[in-house]
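A short write-up of the structure that comes next.
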Amino acid sequence: MNESTFAELATGFALSALSAADRRDFEAALAEHPEWEKHVRTEAETVLMLADTVEPVAPPASIREELMARILVTPQISDAAPEPDEEDFAAAGPAPVTAPARAATGGMRRRWFTLAASIVAVLALGFGAVTIGQQLTRPAAVVALEQIQGAPDAQSASVTLTGGGEATAHWSAERGEVVLVSDGMPAIADDQTFELWYVREGAPIPAGTFGPTDGTATALLAGAYQPGDTIAVTIEPDGGSPTGVPTSDPIVAIATA
């Protein structure tokens, strides 16, 4: 995935609107390119601005059901171009390699615009502005945690941190996701970060970073979880380990098997 495609997906990520496959690709790209996190922050700020644009008013009691029903049944216009017939294909010659990427990018933009426009329409009519704002601004990790806890195979395990804190990993093999909830993480310098890892068959796999907090954090691991992985956290230089492997001993290690 290139950075342009990642930036487009960041909009859907901020809206919690990515498909499971897109989210996995997005998180894998973020783990590989932690410097692209700037796109995630930018889109999250944009969603916050959208949520703050309308003052709440009291709507009629029936408007919620009517509007949501309309949004669900409204047909979406396909972004796919018609396939050429055999004669046109032969005459056209080889297709440019970059054409599919451009088409996909434009399609993503229209899909996110359609979703955002639907939300704005609901807000403009005054229905649940506060509630929708809260849903839009919920961190992806919080949404994922709820989805994991609702999965039929949800599991969790906790460890005690040095200093008396606690870290709990929540995971679902069915969803392929892990969320780490921690309280009492150690203080780190401004030029350091916490890095998440899957430790799979003894090999560490980067799974994203999260910055200094007040000691409490909820973090969604990037990439797909596999049963038996150990969930680990290390303290690394800002931006994550420069070598792609831990440069310090883990401060958290939670076995899932």
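In this text the structure is predicted, and so the values were computed from the model without any measurement.
Side-chain contact between Leu9 and Arg23 is absent, with no heavy atoms from C-beta onward closer than 4.5 Å. In this structure the side chain of Pro237 reaches within 4.5 angstrom of the side chain of Pro242, judged on heavy atoms. You'll find the side chain of Pro250 stays beyond 4.5 Å of the side chain of Val252, heavy atoms only. In this structure, the side chains of Leu180 and Ile254 come closer than 4.5 Å at one or more pairs of heavy atoms.
Closest non-hydrogen pair, Ala257 versus Gly228, comes out as CB-CA, 3.7 Å. Nearest heavy atoms, Trp171 versus Ala255: CH2-O, 4.2 Å. In this structure, Glu195 and Gly240 approach most closely via the heavy-atom pair OE1-CA, 3.3 Å. Here the closest non-hydrogen pair linking Gly244 and Trp197 is O-CZ3, 3.4 Å.
Asp25 contributes no side-chain N or O that, together with a main-chain N or O of Asp22, makes up a donor-acceptor pair within less than 3.5 Å. Here the side chain of Asp153 pairs no donor or acceptor atom with the backbone of Ser172 at under 3.5 angstrom. Side chain of Thr209 to backbone of Gly239: no donor-acceptor contact under 3.5 angstrom is found.
Aromatic ring pairs are classed by plane angle as parallel below 30°, tilted from 30° to 60° and perpendicular above 60°; the pair Phe26 and Phe6 is parallel.
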Residues Thr193, Asp238; criterion side-chain hydrogen bond (donor to acceptor under 3.5 Å, both in side chains); working and verdict:
CA-CA 5 Å; Thr193 190; Asp238 190 27; 5.1 Å; no

Evaluate side chain to side chain contact (heavy atoms under 4.5 Å, CB included) for Tyr225 paired with Thr256, printing each intermediate quantity in order.
CA-CA 10 Å; Tyr225 161 77; Thr256 65; 3.1 Å; yes

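When hydrophobic residues (I, L, V, M, F, W, Y) are linked wherever their side-chain heavy atoms come within less than 4.5 Å, Val199 remains an isolated member. When hydrophobic side chains of Ile, Leu, Val, Met, Phe, Trp and Tyr are connected at separations under 4.5 Å, Leu220 ends up clustered with Leu145, Ile148, Val179, Val181.
His39 and Glu3 form a side-chain donor-acceptor contact under 3.5 Å, judged by distance and modelled atom types alone.
A search for side-chain contact (heavy atoms from CB on, under 4.5 Å) contacts involving Ile251 returns Met185, Pro186, Phe194, Val233, Ile235, not counting sequence neighbours. Residues passing the side-chain contact (heavy atoms from CB on, under 4.5 Å) test with Ala187: none are found, sequence neighbours excluded. Residues passing the side-chain hydrogen bond (donor to acceptor under 3.5 Å, both in side chains) test with Glu236 are Thr234, Thr247, sequence neighbours excluded.
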Indicate every side-chain donor-acceptor pair of residues 158-168 with a distance under 3.5 Å to a residue at least two apart or in another chain.
residue, atom, partner, partner atom, Å
Ser158, OG, Thr168, OG1, 2.6

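Between Arg24 and Glu177, none of the side-chain N atoms (NZ, or NE/NH1/NH2) sits under 4.0 Å from a carboxylate O, so this pair counts as no salt bridge.
For Glu201, the CD atom is loosely surrounded, since the number of other residues' heavy atoms within 6.0 Å does not exceed 12.
For the pair Arg200 and Tyr198, the distance from NZ or CZ to the six-membered ring centre is under 6.0 Å and the angle to the ring normal is within 45 degrees.
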